[in-house]
Asks: 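Before I ask anything, here is the structure I am working with.
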Amino acid sequence: RRAYQVDLRDFEAAAAAAAKDHHHQQRSSFSSGKNTTTKEEESSRLVSFLRPYLYPVGLLKTRSFAEKKIDDIEGKIGSLLAESEATWQKPRRVIVTFNTEAAQHRALDAYEVSGAKRLVANWTGLELIDTPRPFDDGTVLKVEKPVEPTEIFWHNSHVSKIERLARLALTVGITAGSLSVVIVVADRLKGSWRFTLSVFITCVNAGLPPFVRAITEKIERHKAFGDLQDSMFIKLTAARWINTAVAVFVTYGPRKRMSNEALSQSMLILLADAFLTPLIRVVDVYDLFLRYVVAPRQPTQRAANRLWIGAEWNIAERYTDVSKTLFVGLFYSAAMPSALLVTAAAMATTFVCDRYCILRKWRRVPELDALLAKRTIGIVAIVVFVHTWVSMFFFLNWGTYSSVDDDEDFDPDTYDRAVHCFAGLLHCNLPRRERLTNAQVVAYRTYRTLGFIAFALALWKFFGVGLKKILSNLFCGGSTKERPAPNLDTFRSLPDVHLYVPLIHHLSLDEPALVADVANVPSKFLPVADPNTTNLATTDEIRPLLGPDSPPAADVVNQVFGKVKFYDTPPKNDDQDAPPRPPAADLEQQQQTAANDHAAIEMTHASPRLPPGWEEKLDDSSGRRYYVDKINHQTSWDPPTTSTF
């Protein structure tokens, strides 16, 4: 809705500029404030059909279409608000920003408990030891460290886990069905013109990223941008592997998998991947079309500038592109050792082209955690596992061909040889010993051992690490976790980071939209230039969408949107920068007994495990140890505990 409202403002600005232009007698296409196309164009069925698809990219924009879309969207929003008034959901998640990382660690140590304790306490009401209950009703919260602020998909916070899994299963099924169609078409194309199959595989490989991205973004609902990228990464990796290597391998039967025709098709795919695909990525015809064809036709300069902010790119697609190149090269390296050289060339061209595009052509993506990088370790293990398995097939079948129909190692009905390597995990049905050379036997045993090692590593990276994390959170969560040394820098001292505010990014908006009540937050801390025009969580934004029997707009805003609480900087004490002094309590008594028990204290004292931000010091006058809270600038004779926190 807001994106179409911005377009209406562009039309009005263009109309005002055209009205002031006294030098042009011809009427501006935007000056009337109405449809920019002629009646004949408006009545055209083709134009009406294409406008909903071309409008988002800046073509066939008209004022009447934008007004119609706004009316439709407002009607849908009003219906959703009316349906949900009776079942308002209570807040499910609260995100807290701490002044220092040490304070965050202390909060996690105090309130983060294992999943088993949390479930038992909430379901049975039993009082468990060391189980914090921040509410009077005894509820135990699930407290964990959140992801980066720019990663959160705030608009998907209401989606349940069951719905997310169901949508994920749907996209996986669509991807698998599409790959089945690709394999069937590839089977029909084999034996035709020499380059037909390789060209088809290359074209499909270029179309897979936008296809997988489209179904993932349209169907799936994720809580964070990193989860979306991870889902896209796994599906796209499997799809590209199957398309570029497995499809050709399956299309050709067992007798022809090592033929010149099959191997030449694989080499052509590798060459296209090494040189043609990076060239297409650098040129980026679609981005050039937006800049030089669509942008000049926009009604305002601001609308044209939005098309020059850089091409949108996907980090998951870049990870899969590199892994796909490595997969295809190692897949056929046993039969074509030259594939390794082509793979190295493809890696080099990919690095150079991606570096150029990141610095010169692509727009900036949100900050991500290390999830995809860690996932790639498991991907490489799978690549090595598949490489060993397929290499066993190539090595064992080298020299075992027979064109004699009565050879006992050849079945003329199924066109299979005796060497089968895909009936069991890394197991091949070996032919008679005299049919194999010593080199083939050694290669089989060596590659089988390496395959099992890679298989175990892949299982651990994909399932073992996740299972370990689940069990750790279930039984060993809470203060038992080992945390890194915290950073004592204050949150307000970080550059360009002021608050944790929900944002929604849209390609048609110059700035992200605020989707939280930020009325009490100073505008200088907000990540937008004009909060009045970008904030969606206001009564002025909601009031036109409500019906006559709806509750007040302020109540709807409080129910639909979250609220950002701002705490002003606490006043700085004059003694804050001075070195901490011991507590005054019991100081006189300690001075009287210091001479008697100072040595005993030194010998018998055992330093407790201190929370982050605490430090142990020795009082020179009394000889007694005291504890300094660097965050709150307080001191205590007693060591800090959870209750002290």
Side-chain angles (χ1 to χ4, degrees), residues 92-93 144-182 204-244 246 312-327 362-383 458-470 473 503-507:
R92 296 184 179 183
R93 179 171 55 177
E144 59 184 357
K145 188 175 181 179
V147 298
E148 294 291 336
T150 55
E151 279 198 61
I152 297 180
F153 285 156
W154 302 92
H155 52 286
N156 292 338
S157 300
H158 65 287
V159 181
S160 64
K161 187 174 183 179
I162 296 178
E163 181 180 353
R164 290 200 302 269
L165 293 176
R167 290 175 175 271
L168 176 61
L170 178 59
T171 56
V172 171
I174 294 175
T175 305
S178 302
L179 291 175
S180 301
V181 174
V182 170
V204 173
N205 187 48
L208 277 176
F211 171 75
V212 174
R213 176 184 174 185
I215 62 174
T216 302
E217 293 181 347
K218 294 293 184 181
I219 300 177
E220 296 183 10
R221 298 290 183 269
H222 294 279
K223 295 189 299 183
F225 183 76
D227 298 334
L228 173 67
Q229 294 294 308
D230 186 49
S231 173
M232 197 181 307
F233 171 69
I234 294 176
K235 292 195 296 290
L236 190 55
T237 298
R240 280 185 151 181
W241 287 4
I242 294 174
N243 175 65
T244 53
V246 180
E312 188 176 6
W313 65 290
N314 192 285
I315 191 171
E317 190 269 336
R318 303 310 315 126
Y319 269 103
T320 59
D321 190 43
V322 175
S323 66
K324 174 258 303 177
T325 302
L326 182 63
F327 181 83
W362 292 340
R363 69 182 63 176
R364 188 173 181 178
V365 298
E367 296 180 0
L368 296 172
D369 53 20
L371 178 61
L372 290 182
K374 294 178 180 178
R375 185 81 73 185
T376 305
I377 300 176
I379 291 295
V380 173
I382 295 180
V383 170
L459 283 180
W460 170 253
K461 295 301 297 183
F462 273 93
F463 302 103
V465 174
L467 181 61
K468 177 185 176 182
K469 183 178 179 181
I470 293 175
N473 293 334
L503 300 173
I504 298 295
H505 295 269
H506 193 278
L507 295 178

Asks: Hey, does R318 have a side-chain heavy atom less than 4.5 Å from the side chain of D321?
Replies: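 Answer yes - side chains close enough.
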Asks: To the nearest 0.5 Å, what is the distance between CG (L179) and CG (L208)?
Replies: 6.5 Å
Asks: For R164, give me all partners under side chain to side chain donor-acceptor pair (under 3.5 Å), at least two apart in sequence or on another chain.
Replies: none
Asks: How close do G378 and K461 get, heavy atom to heavy atom, and via which atoms?
Replies: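 Between these two residues, the closest heavy atoms are CA-CB, 3.7 Å.
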Asks: Got a second to check how far N156's CG is from E163's CD, nearest 0.5 Å?
Replies: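 Between atom CG of N156 and atom CD of E163 there are 9.0 Å.
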Asks: Distance-only, no hydrogens or angles: does the S231 side chain make a donor-acceptor pair with backbone N or O of L228 under 3.5 Å?
Replies: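 No; zero donor-acceptor contacts below 3.5 Å.
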Asks: Please find the pair of heavy atoms, one from F211 and one from S178, that lie closest to each other, and give the distance.
Replies: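 Reported closest heavy-atom pair: CZ-OG, 3.4 Å.
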Asks: Please work out which of the three classes, parallel, tilted or perpendicular, describes the rings of W362 and W313, given edges at 30° and 60°.
Replies: parallel
Asks: Over all heavy atoms of both residues, which pair between E220 and K235 is shortest? Give the atoms and the distance, please.
Replies: OE2-NZ, 2.8 Å
Asks: Under the side chain to side chain contact (heavy atoms under 4.5 Å, CB included) rule, what do Y319 and I379 come out as? Steps first, then yes or no, please.
Replies: CA-CA 10 Å; Y319 269 103; I379 291 295; over 6 Å; no
Asks: To the nearest 0.5 angstrom, please state how far the CZ atom of R167 sits from the OG1 atom of T171.
Replies: 10.0 Å
Asks: Would you give the length of the straight line joining atom CG of L503 to atom CH2 of W154, rounded to the nearest 0.5 angstrom?
Replies: 8.5 Å
Asks: N205 vs K324, test: side chain to side chain contact (heavy atoms under 4.5 Å, CB included). Steps then yes/no.
Replies: CA-CA 10 Å; N205 187 48; K324 174 258 303 177; 3.2 Å; yes
Asks: Taking side chain as C-beta onward, heavy atoms only, is P210 less than 4.5 Å from E317?
Replies: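 P210 does not reach E317 side chain to side chain.
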Asks: Is there a side-chain contact between L236 and R213 in this structure, where contact means two heavy atoms from C-beta onward sitting under 4.5 Å apart?
Replies: no
Asks: Which atom pair, heavy atoms only, marks the closest approach of V204 to N243?
Replies: CG1-OD1, 3.3 Å
Asks: Which heavy atom of I382 sits nearest to which heavy atom of A458, and what is that distance?
Replies: CG1-CB, 3.6 Å
Asks: Specify the closest pair of heavy atoms between W241 and S323, including all atoms of both residues, with the distance to one decimal.
Replies: NE1-O, 3.6 Å
Asks: Could you tell me whether the side chain of T237 reaches within less than 4.5 Å of the side chain of R375, counting heavy atoms only?
Replies: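 They are not in contact (no side-chain heavy atoms under 4.5 Å apart), so the answer is no.
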Asks: Measure from the side-chain N and O atoms of T376 to the backbone N and O of L372, and report whether any donor-acceptor pair falls under 3.5 Å.
Replies: yes
Asks: Is the closest side-chain heavy-atom distance between I174 and I219 below 4.5 Å?
Replies: yes
Asks: Measuring from atom CD1 of I152 to atom CD1 of I504, what distance do you get when rounded to the nearest 0.5 angstrom?
Replies: 10.5 Å
Asks: Rounded to the nearest 0.5 Å, what separation is found between the CG atom of L467 and the CG atom of L459?
Replies: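 That separation rounds to 11.5 Å.
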Asks: Taking E151 for the side chain and A224 for the main chain, is one N or O donor matched with an acceptor at less than 3.5 Å?
Replies: no
